[in-house]
Novice: 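Quick one: this structure, given as structure tokens, is what I'll be asking you about.
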Protein chains: 2
Amino acid sequence: MRPTGRVTIGDVARSAGVSVATVSKVINDRYGVAPETSARVHEVIADLGYESSIVARSLRSRRTNVIGILVAEFEPFSTELLKGISEAVEETGYELLAYSGGLRRDDRIGWEQRYLSRLAGTLIDGAILVTPTVVAPDGSIPVVAVDPHRGPSGPPTVDSDNVAGARAATEHLVALGHRRIGFLGGRPDLESARLREQGYREALGAAGIPVDPDLLRVGGYRADLADLPAHELLSLPDRPTAVFAANDLSAIRTMEVARELGLRVPDDVSVVGFDNVPESALTDPPLTTVSQPIHRMGAEALRMVVDLVEGRPRDAHLRLPTSLVVRGSTRAL
Amino acid sequence: MRPTGRVTIGDVARSAGVSVATVSKVINDRYGVAPETSARVHEVIADLGYESSIVARSLRSRRTNVIGILVAEFEPFSTELLKGISEAVEETGYELLAYSGGLRRDDRIGWEQRYLSRLAGTLIDGAILVTPTVVAPDGSIPVVAVDPHRGPSGPPTVDSDNVAGARAATEHLVALGHRRIGFLGGRPDLESARLREQGYREALGAAGIPVDPDLLRVGGYRADLADLPAHELLSLPDRPTAVFAANDLSAIRTMEVARELGLRVPDDVSVVGFDNVPESALTDPPLTTVSQPIHRMGAEALRMVVDLVEGRPRDAHLRLPTSLVVRGSTRAL
DNA sequence: CGACGTGTCGAAAACGTTATCGACAACGAT
DNA sequence: ATCGTTGTCGATAACGTTTTCGACACGTCG
């Protein structure tokens, strides 16, 4: 009489000769069960290797002690964040559940709402949304957004100083003597992409270099979406001598495209990225990039959401500093 | 009458003037509902932004279309694997749920059993266990183990050729003229750690170099656990001129320890790692290491578990090749 | 005109757990 | 003796779904 291998609380109850209710009390050590009974039940639990089903438990009671990380895809930025979150969770007693649906290309928008409705209220007590495009936290559970679509407004937020980082990257190229500097943008629906472009423009403006619209291309923070604009940029009649890509994945692809076109990096074209994911050091030459403190961002986001879950008020927004990491993909003109 | 923000199937039913059962049928488009009714329900669903709760759904029905990745901790190896899995999942229509409890130091053993009982049967249709220590897949759901505690036996498995990789690493050091080569081991309960030590021994044997037990230390694949043995190794009166660490995290810590002790890498001591996680290229100098095809391992593990879930038979074990990546942390004696 | 299929729907049970509340016994105080 | 108190336990109702099955209203066929 056990179709599935699962051992339920009912099995334990039967085997221990008590009711399901009593077993439940023992597990959550609620008041009102005799020490001997408790001992016996514990014994049976160990014997049968019973472990309560998160699903059933969370369906019934609101608290689950699980924090959800909702992410469109496990790419380098998300996974770096995950590492930071994972480090920070150890002290808290919470568990982590990173969720990613198999998204089709077209419904990459609004996924955070769907995931949230699917998991919130049941299964998770709070959520960290990574690069969400829609805000509208419908109040069901506490939510912290990392790198959200519209800067610090709406839900609590952790991000980094995108403008300053982008400015530093562009100034670095300017200081190397570059004047035709291409910009390969990020996801247009993300605030960070907008801010990085802003930093780029500011730096050019400060250096007295006019912005050539022809050198502005829009990517999408993903390698495949960076491919075409990178090609366009590097095939221009009056080719830019440097490209600032809005994130590392785009920058890495840009370097690949350059090689395909017979261009050497950094001799023929300099490339700068943004994020400083570990992969950026693996390239040949290693990528010059803007470092975001991704681990810290994850850790802070976790602390934030835990505080909110436990009813402690928090400052709504946290912005961490960025810094330029000069490696081998840039060179003086 | 909505204490939580959650909109349930009941709300939809009421709002559409039909029964819950009908709504359920519409959602899962079962046969037996009039087109007009279906249209009306769909409208209400869109209106209210309803999304069915995974928890409740999976509690009732066996299938969830979710694959679980069970991991003790999100460290570089797991997250690289996750990327590979994530890439492979897109074609399949499954969703991913990476789960990691906040494990205390002491109960790092047997976690896979507990996680499995907690999630299996409900919530996930199949699971990928990353570096599990205990086998015993109690038949509840299909399970694939990556880098398991006891090589290819028991549950289906994906791993890489640890012996050949370790031999290549050690031979590389031997070829550079090193004869006193330390070995900083991995988690003793993992087959991969045993095999990497075996490869080390084989290479030394083939080169006619006796194995000095004093140069064999046991770590645990984690930076903190590598700290002490690395110190011991590098503080030996007759210090080894090279260290082969059983994974990159240990190797990276070994380089840090060397620096603390005033030793230069690779001038005073060469260091080789294992895994080739992206972080290994970030170090100064960049780490020479054995490359495992981690992304491919993840992708293959996913395909394997999906096949098993859908009832297609699979070869039980898959072993992928390794290769040496020579970077800057090794030098001729 | 009765029998029977067909299409459409809802009532109700089930999944595994937790929470509430009443039942019951034992016991000390009045 | 009676009454309340305390300690222990179990029935039972939820939680939000899916699934089974029967009810009902039509047509259609003999």
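Below, chains carry the letters A, B, ... as their sequence lines are ordered, and counting in each starts from 1.
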Novice: Quick one: A:Leu123 CG to C:dG16 C1', roughly how many Å, whole number?
Specialist: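 One finds 14 Å between C1' of C:dG16 and CG of A:Leu123, rounded.
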Novice: In whole Å, what is the span from the CZ atom of B:Arg118 to the C1' atom of C:dG16?
Specialist: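 From B:Arg118 CZ to C:dG16 C1': 15 Å.
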Novice: Any idea which of C:dA12, D:dG16, C:dG16 is nearest the B:Ala21 side chain?
Specialist: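 In terms of side-chain proximity for B:Ala21, the closest of C:dA12, D:dG16, C:dG16 is C:dA12.
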Novice: So B:Ile128 and B:Ile85, do their side chains get closer than 4.5 Å, heavy atoms only?
Specialist: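 Side-chain contact under 4.5 Å: yes.
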Novice: What is the distance, to the nearest angstrom, from the CZ atom on B:Arg57 to the C1' atom on C:dA14?
Specialist: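 These atoms are roughly 17 Å apart.
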Novice: Go through the steps for A:Thr131 and A:Asp147 under the test side chain to side chain donor-acceptor pair (under 3.5 Å), then give the verdict.
Specialist: CA-CA 5 Å; A:Thr131 58; A:Asp147 200 3; over 6 Å; no
Novice: Specify the separation, in whole Å, of atom CZ of B:Arg60 and atom C1' of C:dA12.
Specialist: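 It is 10 Å, rounded to the nearest whole Å.
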Novice: Begin with the C-alpha distance, continue with both residues' side-chain angles, and end with the deciding distance and a verdict on side chain to side chain donor-acceptor pair (under 3.5 Å) for B:Asp125 and B:Thr64.
Specialist: CA-CA 6 Å; B:Asp125 293 341; B:Thr64 61; 3.0 Å; yes
Novice: Show your reasoning for whether side chain to side chain donor-acceptor pair (under 3.5 Å) applies to A:Ser100 and A:Glu73.
Specialist: CA-CA 6 Å; A:Ser100 165; A:Glu73 197 183 355; over 6 Å; no
Novice: Rounded to the nearest angstrom, tell me the gap between atom CZ in A:Arg14 and atom P in D:dC9.
Specialist: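 Atom CZ in A:Arg14 sits about 19 Å away from atom P in D:dC9.
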Novice: Give the rounded distance in Å between these two atoms: CZ of B:Arg62 and C1' of D:dT19.
Specialist: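 For the pair B:Arg62 CZ and D:dT19 C1', the rounded distance is 13 Å.
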Novice: How close or far is atom C1' of C:dT17 from atom CG of A:Asp11, stated in whole angstroms?
Specialist: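 After rounding, the gap between these two atoms is 13 Å.
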Novice: Counting only side-chain nitrogens and oxygens, does A:Arg30 get under 4.0 Å of the OP1 or OP2 atom of C:dA19?
Specialist: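 For C:dA19, OP1 or OP2 has a side-chain N or O of A:Arg30 closer than 4.0 Å.
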Novice: Surrounding CD of B:Glu43 (heavy atoms of other residues, nucleotides or ligands, distance under 6.0 Å), is the total greater than 12?
Specialist: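 No.
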Novice: As a test of understanding, state which of A:Val130, A:Val71, A:Ile69 forms a side chain to side chain contact (heavy atoms under 4.5 Å, CB included) with A:Leu82.
Specialist: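 Only one option passes, and that is A:Ile69.
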Novice: Looking at residues at least two apart in the chain, or sitting in another chain, which of them share a side-chain hydrogen bond (donor to acceptor under 3.5 Å, both in side chains) with A:Arg40?
Specialist: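 side-chain hydrogen bond (donor to acceptor under 3.5 Å, both in side chains) list for A:Arg40, sorted by chain: empty.
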Novice: Using a 4.0 Å heavy-atom cut-off, does B:Ser24 contact any base of the nucleic acid, only the sugar-phosphate backbone, or nothing at all?
Specialist: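 If one applies the 4.0 Å heavy-atom cut-off, B:Ser24 turns out to touch a base.
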Novice: With the criterion being N/O to N/O and under 3.5 Å, what pairs connect the protein with nucleotides 6-9 of chain C, and how long is each?
Specialist:
| from | atom 1 | to | atom 2 | distance (Å) |
| --- | --- | --- | --- | --- |
| C:dG7 | OP2 | B:Tyr31 | OH | 2.8 |
| C:dC9 | OP1 | B:Thr37 | OG1 | 2.5 |
| C:dC9 | OP2 | B:Ala34 | N | 2.7 |
| C:dC9 | OP2 | B:Thr37 | OG1 | 3.1 |

Novice: Roughly how many Å is it from CD in B:Glu51 to C1' in D:dT17, rounded to a whole number?
Specialist: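 Rounding to the nearest Å, CD of B:Glu51 and C1' of D:dT17 are 14 Å apart.
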